Amino acid sequence: MADLQRALLGLGRLDELARGESPVHRIDPRAKVATGLFFAAAVVSFDRTTVAALMPYAFFPVYLARRGGVPIGFLARRLAVAMPFALAVALPNPFFDRAEVFRVGPVGVTGGWLSLASVMVRFVLTAGAALALAATTGISGICRGLAGLGVPRAVVTQLLLLYRYLFVLLEEGLRTLRAWRLRSFAPGPPPLRLFVPMAGRLLLRTLDRSGRLHMAMLARGFDGRVHAVRPLRFGPRDVAFLAGWTFFFAAARWVDLSAWLGRLATGGLP
Amino acid sequence: MADALLSPGVGAVMWGAAAAGVGHAARRLRSAPEGRASLMGVLGAFVFTAQMINFAIPGTGSSGHLVGGLLLAVLLGPHAALVVMTSILAVQALFFADGGLLALGANIANMGLVPCYVAYPLYRRLAGADPTPARRAAAAVAAAVAGCEIGALGVVLETTASGIASLPAGTFLLLMLPIHLPIGLVEGGVTAAVVSYLAQARPEWAAGGPASAAGAGRGLLAAVAAAAVVTGGCLAWTASDLPDGLEWSVARVTGTAGEAGVAGAVSRAHDLFSGLQERTAFLPGYAFRSPAAGERLGTSVSGLVGGGLTLALAGLFGWAISRRRAGPG
């Protein structure tokens, strides 16, 4: 129930953020999708023990969030919920890779700990950027961008319809769960034998709803195509966003800004 | 699967496989009857909701949830189900930070292509044309277990080929496969139970939904098998091609990468990484002007300081741009 509630609230909040106005919101969604992919590719292309050299990449999600009006606390909470999988896979690294890489005073740092830290930094960067991009683009922008990039119409239409009915069905699922919770005094999730009729009822209502929706869509002249309200225009601002950030990602890949700054600060002393 | 565990090469290969599969499904859907769009949209939202409802598994004290790929394929046919799963995974990647942009391809392959084009044909084969409830349940459980295990194998292969996690492929597999056995059993059981429930309440849906692609049999299975072999080959090739030229030649000189063979390539790349890790005394990424051995500590400390400073700069940058935004103009 907590999961459902959290999903519903989170989606609602993202939707609200996506309807805002900011310089980031106004960038062409195609430019944002492409920049996001370049960003992820650049971040994951580093050696597995790299930590400090990844830090310059924090500029991109920070820019998106601050300029796009996405609260950092909101991003952090979403990331914390999604983190366990990457953490679970990388957690054994310190046990398997015990070769000491360097010492800080009495503490020896092994390759395993470095690679664990690297995975966590990668996770925060890539997932944070994806969330910030979604929060400043919105589903309609993403769909128009995908269609503009040549993604098949069936996929784009499906994504749009899924998102539209997600709110309705999440609420219906929440209602079903709440009804069960009020009638039972059991803590925790419903047992398996009750889940099936619960999901079954939900499915029946879903199918009935889809029949009604289909009639309604036909009555409004739906021909399998979702029309964009605003036509997409790839302006100089979008070119600057794409080219500027891509250049930055490439530069940070070849020049280690962190090492340079560190050298400057410590004066290259041993 | 998450972006943080992938290498760009593996991510790109999996994107290629996913794009080919989804493109094929979308082409097949174009000839589907009208009125599928609303059904697919709402069913996608249903599966998304069902995924969020945890249930207690009797006798274990643990809880599980539905993944839904096989259920969608049974209700809609494999092509529509793949498109629906793609949309669900895309929403999870974008709006729930689950996965990531680069890992989306791998996730579509593991949780979309596998249940729709491997598990579902198996289900059709085992269940037959007009299954009894018991036979349907047995077929669904067998297909779901197969799908779950193949998906888990995919996660292990992709992670190992990426070389980010140090967990050896064998150990990882020994962890993942047993974990996914009960997940597959529950998935199959719930899928069969929901389909049976539907068959009682709405018999017209029991036959497997409208236009369930019965042709998704042998030919498609062969195509998927071929695609899997090609993808596996590409993965192995990418993995062996992963290290930079310099590291590769170091490994050749030291003889880490001696034996040949496609099957050994993945573990070879892995050995190479761990071997290199032991050999390289300083952090390669930190060496601006390759420091002497005595400078090791200096390099690491300046790395730590530099990383912290860069992060602080990024924070300052964020503060500055939001200030500008709040100001006039």
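Just so it is clear, the structure is predicted and the values come from calculations on it, not from any experiment. Letters A, B, ... mirror the listed sequences (proteins, then strands); counts begin at 1. Excluded from the calculations below are hydrogen atoms, water molecules and symmetry mates; all remaining heavy atoms, backbone and side chain alike, are included.
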Do Ile53(B) and Phe195(A) come within less than 4.5 Å of each other through their side chains, counting heavy atoms only?
-> yes

With a 4.5 angstrom heavy-atom cut-off, could you sort out which part of Leu5(B) is near chain A: side chain, backbone, both or neither?
-> side chain

Which region of Ile139(A), side chain (C-beta onward) or backbone (N, CA, C, O), has a non-hydrogen atom less than 4.5 Å from a non-hydrogen atom of chain B, or is it both or neither?
-> both

Contact part of Asp15(A) toward chain B, heavy-atom cut-off under 4.5 Å: side chain, backbone, both or neither?
-> neither

Quick one: do Leu261(A) and Leu313(B) satisfy side chain to side chain contact (heavy atoms under 4.5 Å, CB included)? Show the steps, please.
-> CA-CA 11 Å; Leu261(A) 264 179; Leu313(B) 264 184; 3.8 Å; yes

Heavy-atom contact with chain A under 4.5 Å, split by part of Val155(B) = side chain

Under-4.0 Å salt bridge between Asp98(B) and Arg78(A) = no

Answer with side chain, backbone, both or neither: which region of Ser45(A) has an atom nearer than 4.5 Å to a non-hydrogen atom of chain B?
-> both

Which one of Asp208(A), Leu54(A), Val168(A) has the most heavy-atom pairs closer than 4.5 Å to chain B?
-> Asp208(A)

Any idea which heavy atoms bring Ala314(B) and Val62(A) closest together, and the distance?
-> O-CG1, 3.4 Å

Separation of Phe38(A) CZ from Leu102(B) CG (nearest 0.5 Å) | 12.0 Å

Counting only heavy atoms not in Phe96(A), do more than 12 fall under 6.0 Å of its CZ?
-> yes

Smallest separation among heavy atoms of Ile321(B) and Arg67(A), with atom names | O-NH1, 3.6 Å

Measure the shortest side-chain to side-chain distance between Val91(B) and Leu166(A) over non-hydrogen atoms and say whether it is less than 4.5 angstrom.
-> yes

Find the distance between CG (Leu162(A)) and CZ (Phe46(B)) and round it off to the nearest 0.5 Å.
-> 13.0 Å

Nearest-0.5 Å distance that lies between atom CG in Asp47(A) and atom CD1 in Ile164(B) | 8.5 Å

Is there a side-chain contact between Leu207(A) and Leu198(B) (heavy atoms, below 4.5 Å)?
-> yes

If you take all heavy atoms of Ala265(A) and Val305(B), which pair is closest and at what distance?
-> CB-CG1, 3.9 Å

Drop me the distance from Thr171(B)'s OG1 to Phe95(A)'s CZ, to the nearest 0.5 angstrom.
-> 13.5 Å

Heavy atoms of Ala93(B) and Ala130(A) approach each other most closely as O-CB, 4.4 Å

Examine Phe95(B) together with Tyr163(A) and report whether their ring centres are nearer than 6.0 Å.
-> yes

Does the side chain to side chain contact (heavy atoms under 4.5 Å, CB included) test come out yes or no for Asp3(B) and Arg122(A), once each step is laid out?
-> CA-CA 8 Å; Asp3(B) 274 359; Arg122(A) 284 160 202 247; over 6 Å; no

Kindly indicate whether the side chain of Leu39(B), heavy atoms from C-beta on, has any atom under 4.5 Å from the side chain of Leu213(A).
-> no

Nearest heavy-atom pair of Gln158(A) and Ser87(B): which atoms, and what distance?
-> NE2-OG, 3.1 Å

Side-chain heavy atoms of Ser38(B) within contact of Arg209(A), under 4.5 Å | no

Identify which part of Leu175(B) has an atom lying under 4.5 Å from any heavy atom of chain A, answering side chain, backbone, both or neither.
-> neither

Comparing Ala97(B), Ala19(B), Ala2(B) against chain A, the one with the most heavy-atom pairs below 4.5 Å turns out to be Ala97(B)

Polar side chain donor-acceptor pair, Thr310(B) to Ser258(A), under 3.5 angstrom | yes

Which atoms of Arg201(A) approach chain B - backbone, side chain, both or neither, heavy atom under 4.5 Å = both

Largest heavy-atom contact set with chain A, pairs under 4.5 Å, which of Ala201(B), Gly315(B), Ala80(B), Gly41(B) | Gly41(B)

Interchain contact, Leu14(A) with chain B, by part (heavy-atom threshold 4.5 Å) | side chain

Just by modelled atom types, is the Ser166(B) backbone N or O under 3.5 Å from a matching donor or acceptor in the Asn93(A) side chain?
-> yes

Just how far is it from atom CE of Met52(B) to atom CG of Leu174(A), taken to the nearest 0.5 Å?
-> 12.0 Å

CG (Leu131(A)) and CZ (Phe96(B)) are apart, to the nearest 0.5 Å, by 9.5 Å

Closest contact, heavy atoms only, Val83(B) versus Ala154(A) = CG1-O, 3.9 Å

Applying a strict 4.5 Å limit to non-hydrogen atoms, the region of Leu82(B) in contact with chain A is neither

Glu172(A) vs Thr49(B) side-chain heavy atoms within contact, under 4.5 Å = no

Go through the atoms of Tyr197(B) and report whether side chain, backbone, both or neither lie under 4.5 Å from a heavy atom of chain A.
-> side chain

Who among Pro94(A), Gly173(A), Pro191(A), Pro190(A) has the most heavy-atom pairs with chain B under 4.5 Å?
-> Pro190(A)

With the side chain counted from C-beta on, respond yes when Leu161(A) and Met40(B) share a heavy-atom pair under 4.5 Å apart, and no when they do not.
-> no

Would you call Leu101(B) and Phe39(A) a side-chain contact if the rule is heavy atoms closer than 4.5 Å?
-> no

